[in-house]
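Here is the structure we will look at, set down as structure tokens.
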Amino acid sequence: MKMSHMFGHTLRQAPADAETASHQWLVRAGFIRQLGAGIYSLLPLGYRAIDKIENIMRDEMDAIGGQELLMPVVHPAEIWKESGRWYKIGTELSRFHDKNERDMVLALTHEEVVADLTRKEVQSYKQLPMLVYHIQTKWRDDPRPRAGLIRVREFTMKDSYSLDADAAGLDKQYRAHYQAYFNIFHRAGIPVIAVQADVGMMGGTFAHEYMYLTAVGEDTLLLCDECGYKANRQIARFRKPKADKAEAAELEKVETPNVATIEALANFLNIEKAQTAKAVFLMGKFAEGDEVSEKLIFAVLRGDMDLNETKLGNAVGANELRAAHEDEIKAVGAVPGYASPIGIQDVLVVVDDLIPESANLVAGANEAGYHLRNVNYGRDYEAQIVADIASAEDGYLCPDCGSPMHASRGVEVGNIFKLGTDFSVPQGATFLDENGKEQPVVMGSYGIGSGRLLACIAEEHHDEGGLVWPISVAPYHVHLVALRGGEDKADALYADLRAKGVEVLYDERDESPGVKFNDADLIGLPIRVTVSKRSLDEGGVEMKLRNAEERTIVNWDDAVAEVLAAKQRLEAELQAAVVEVPYDGE
RNA sequence: CGGGGUGUGGCGCAGUCUGGCAGCGCACCGCGUUUGGGACGCGGGGGUCGGCGGUUCAAAUCCGCCCACCCCGACCA
């Protein structure tokens with residue numbers, strides 16, 4: 001490609017609203033342009049990089065038996081009603097009507113369509129296992145897009161779906177993905193870890209998320225260096241402190257004027273936060289078929305711990321949770337700031353599993369200005385649900401080995417889910433087994449967002465001068481710079497390199513050397529070749545790798561061979577990072 | 001949805017407080033000089049100042065409503 005006619009140009013300054021490195025560099029280098037909040041165009045450079053990424057995905061999917069197909073972005077709502085997600089998912093799912101007023105949706109993922117195809121195409125156990133995948137646009141009306149391509153509303157995802165006759169088959173395909181995903185990320189030049197994760201709106205039984213660790217990330221992970229436990233905070237377990245097994249003392253009402261927070265309460269009474277009980281009110285949304293209802297949830301934790309909403313949502317089976325309004329709290333007879341589980345009616349009470357172990361806590365009295373001492377679970381009140389609903393924090397103890405864990409931020413670049421029969425049963429995707437008995441297909445679902453991956457690669461590989469692409473995903477292999485006196489030779493080299501299958505971005509513009517070199521650094525192609533009067537006087541062309549400082553002059557006659565050798569070395573370096581990763585899961 | 005912020009040429013910004021010719025740098029076009037790390041001179045093109053309404057002799061500037069985008073939180077693969 002000749003740069004003089006390339007669509008998209010570099011910018012000397014990043015737009016003011018780009019804050020993260022990947023966002024700034026991808027815009028400045030001419031890879032992406034924003035159209036709206038969370039909506040981006042890929043310019044030719046960006047699209048070429050995405051294409052490389054997607055071909056790596058294809059390669060690894062094909063290697064584990066994947067068959068590529070393509071499913072629509074616009075779906076009739078029926079299948080989403082069948083799966084129930086029409087009712088369970090909120091504003092993230094965009095709905096609209098066609099001209100006949102039929103309900104339609106924009107695909108936020110494709111489980112429903114796969115289940116529909118499966119019930120049409122799969123009849124016999126003899127056809128299984130199978131694996132299908134596609135690379136297709138998704139639309140998720142995320143409440144808060146941010147950080148360039150890291151979190152967007154419209155994006156492209158490679159999603160694959162495994163179809164099996166039983167759980168053992170699913171496990172096998174799940175493990176195949178587990179490794180194939182590491183291969184994809186390693187080939188694309190980015191380090192990731194796999195953590196255990198919540199299944200969220202996907203449903204199913206078990207999931208891993210692939211996390212690229214970076215401060216820019218918005219997921220918090222709990223990691224144990226000692227035994228290797230790794231989990232998203234949404235579901236991270238931890239070893240809770242041993243509580244004192246004291247005798248239950250007599251309930252005692254104490255005056256606590258203007259003491260409405262745990263902090264203030266502990267200070268006022270001069271006790272540890274761990275000796276208090278914290279009340280958190282949330283409204284949960286529940287879907288039963290097409291009936292959606294809201295219910296107030298009263299969560300009780302020890303005062304030194306924070307609520308984990310994902311854990312609570314899973315414990316009560318709610319689709320959505322939101323903070324309760326003050327009038328909703330008062331409506332059940334509770335007093336905000338002085339709320340107590342004692343004497344509350346018609347509320348779903350959930351207590352953290354540490355609460356029954358903890359004797360003589362201080363809790364609210366359901367009366368403004370008063371708390372109760374020596375509140376004991378079982379004696380003074382009971383809950384419908386006792387579960388782990390506390391959030392793991394940095395320094396909390398590993399559930400497996402008891403060592404302190406540390407918290408780290410990460411971006412989720414991929415995920416794998418064991419769906420089981422969550423879609424095949426409601427949608428009737430069944431097959432006949434060896435005994436002629438009808439069975440639901442056992443499904444798995446596996447996704448990687450290609451744009452987010454591109455952004456993470458940019459986040460990982462840049463310096464003060466711009467992007468530094470791994471050769472596997474670089475839009476071109478070579479950045480060929482022609483300077484004064486080298487134009488004709490550069491033209492010839494451009495043709496020779498392309499004839500050997502080398503992808504070349506050729507800067508033949510009438511620009512000063514400084515501009516050309518800076519643009520080359522900004523765009524970040526792995527191999528830079530400069531042809532100038534100076535280089536020719538020195539015997540040939542100058543070669544420089546983007547990720548190294550040294551420049552070497554190679555003989556004109558060896559130029560093509562040297563470029564090919566450099567390309568192979570860079571490819572081999574990346575390939576060396578593709579290693580087997582021990583499976584860490586159930 | 002709550003809090004904060006920003007909207008002036010392709011990008012970065014000044015001008016708004018205190019109403020009075022719409023500016024600067026970069027980018028772009030032409031001519032000339034320059035040519036190995038974001039050159040220089042001269043000349044030029046491009047903006048209904050986010051939108052609508054109001055106040056005023058006069059609005060980028062004051063008032064009202066709306067919209068868009070960004071950040072934090074809520075929320076969420």
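The sequence lines fix the lettering, A, B, ..., with proteins before strands; numbering per chain opens at 1.
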(request) Verify the ring-centre separation between A:Tyr174 and A:Tyr178: is it less than 6.0 angstrom? (result) no

(message) Distance check needed: B:rC28 C1' versus A:Arg509 CZ, whole Å only.
(response) 14 Å

(request) Taking only Lys NZ, Arg NE, NH1 and NH2, and the carboxylate oxygens of Asp or Glu, determine whether A:Arg153 and A:Asp142 approach each other closer than 4.0 Å. (result) no

(request) Could you please name the partner base of B:rA14, counting Watson-Crick and G-U wobble pairs only when both distances are under 3.5 Å? (result) none

(request) Kindly say if A:Ser532 contacts the phosphate of B:rG36, meaning a side-chain N or O under 4.0 Å from OP1 or OP2. (result) no

(message) Suppose we screen for side-chain hydrogen bond (donor to acceptor under 3.5 Å, both in side chains). Which residues come up paired with A:Thr552, at least two apart in sequence or across chains?
(response) none

(request) Please identify each residue that fulfils salt bridge (charged side-chain N to carboxylate O under 4.0 Å, His left out) with A:Asp304, with sequence neighbours left out. (result) A:Arg302

(request) Please list residues of residues 12-22 of chain A whose heavy atoms come under 4.0 Å from any atom in RNA chain B, ordered by number; otherwise none. (result) A:Arg12, A:Gln13, A:Ala14, A:Pro15, A:Ala16, A:Asp17, A:Glu19

(request) Take A:Ile553 and A:Ser512, find for each the nucleotide of RNA chain B with the closest heavy atom, and name the residue whose nucleotide sits nearer the 5' end. (result) A:Ile553

(message) Let's test this: given Watson-Crick or G-U wobble pairing with both distances under 3.5 Å, identify the partner of B:rG64.
(response) B:rC52

(message) Tell me the interatomic distance from A:Ile150, atom CD1, to B:rC76, atom C1', rounded to whole angstroms.
(response) 16 Å

(request) Side chain of A:Arg551 only, please: which of B:rG37, B:rC76, B:rC69 is the nearest? (result) B:rG37

(request) Nearest whole angstrom, please: distance from the P of B:rC69 to the CD of A:Gln34. (result) 8 Å

(message) Any N or O donor-acceptor pair under 3.5 Å from the base of B:rG37 to the side chain of A:Arg528?
(response) yes

(message) Strictly distance-based, threshold 3.5 Å: is any side-chain N or O of A:Gln136 a donor or acceptor partner for the main-chain N or O of A:Met71?
(response) yes

(request) Indicate whether OP1 or OP2 belonging to B:rC72 is found under 4.0 Å from a side-chain N or O atom of A:Arg144. (result) yes

(request) Examine the base of B:rG38 for any acceptor or donor lying under 3.5 Å from a partner atom in the side chain of A:Glu511, and report the outcome as yes or no. (result) no

(request) Apply side-chain hydrogen bond (donor to acceptor under 3.5 Å, both in side chains) to A:Glu112 and list each qualifying residue two or more places apart in sequence or on a separate chain. (result) A:Ser83, A:Arg85

(message) I'd like the C1' distance from B:rC11 over to B:rG46, given in whole Å.
(response) 14 Å

(request) Choose from B:rA39, B:rC11, B:rG37 the nucleotide whose nearest atom is closest to any side-chain atom of A:Asn518. (result) B:rG37

(message) Would you measure the distance from the C1' atom in B:rA74 across to the matching atom in B:rG3 and give it in whole Å?
(response) 11 Å

(message) Suppose we define a pair by two distances each less than 3.5 Å, Watson-Crick or G-U wobble; what does B:rC69 pair with here?
(response) B:rG5

(message) Any donor-acceptor pair, under 3.5 Å, between the side chain of A:Arg28 and the base of B:rG38, if you only look at N and O atoms?
(response) yes

(request) Using both distances under 3.5 Å as the test, list the Watson-Crick or G-U wobble partner of B:rU34, or none. (result) none

(request) In whole angstrom, give the distance that lies between atom CE of A:Met211 and atom C1' of B:rC76. (result) 12 Å

(message) Just the rounded figure in Å: distance from C1' of B:rC76 to CH2 of A:Trp139.
(response) 15 Å

(request) Please state how far atom CG in A:Asp519 lies from atom P in B:rG36, giving the value in whole angstrom units. (result) 17 Å

(request) Scan for ring pair (Phe, Tyr, Trp, His ring centres under 6.0 Å) pairs involving residues 134-154 of chain A, sequence neighbours excluded, and state none if there are none. (result) A:His110-A:His134

(message) If I take atom CZ in residue A:Phe281 and atom C1' in nucleotide B:rA74, what distance separates them, rounded to the nearest angstrom?
(response) 19 Å

(request) Tell which nucleotide pairs with B:rC57, taking only Watson-Crick or G-U wobble pairs whose two distances are both under 3.5 angstrom. (result) B:rG20

(request) Nearest whole angstrom, please: distance from the P of B:rA39 to the CZ of A:Phe517. (result) 13 Å

(request) Could you list the residues that satisfy salt bridge (charged side-chain N to carboxylate O under 4.0 Å, His left out) with A:Arg509, not counting sequence neighbours? (result) A:Asp507, A:Asp519

(message) Using atom P in both nucleotides, what's the gap between B:rC21 and B:rC49 to the nearest angstrom?
(response) 15 Å

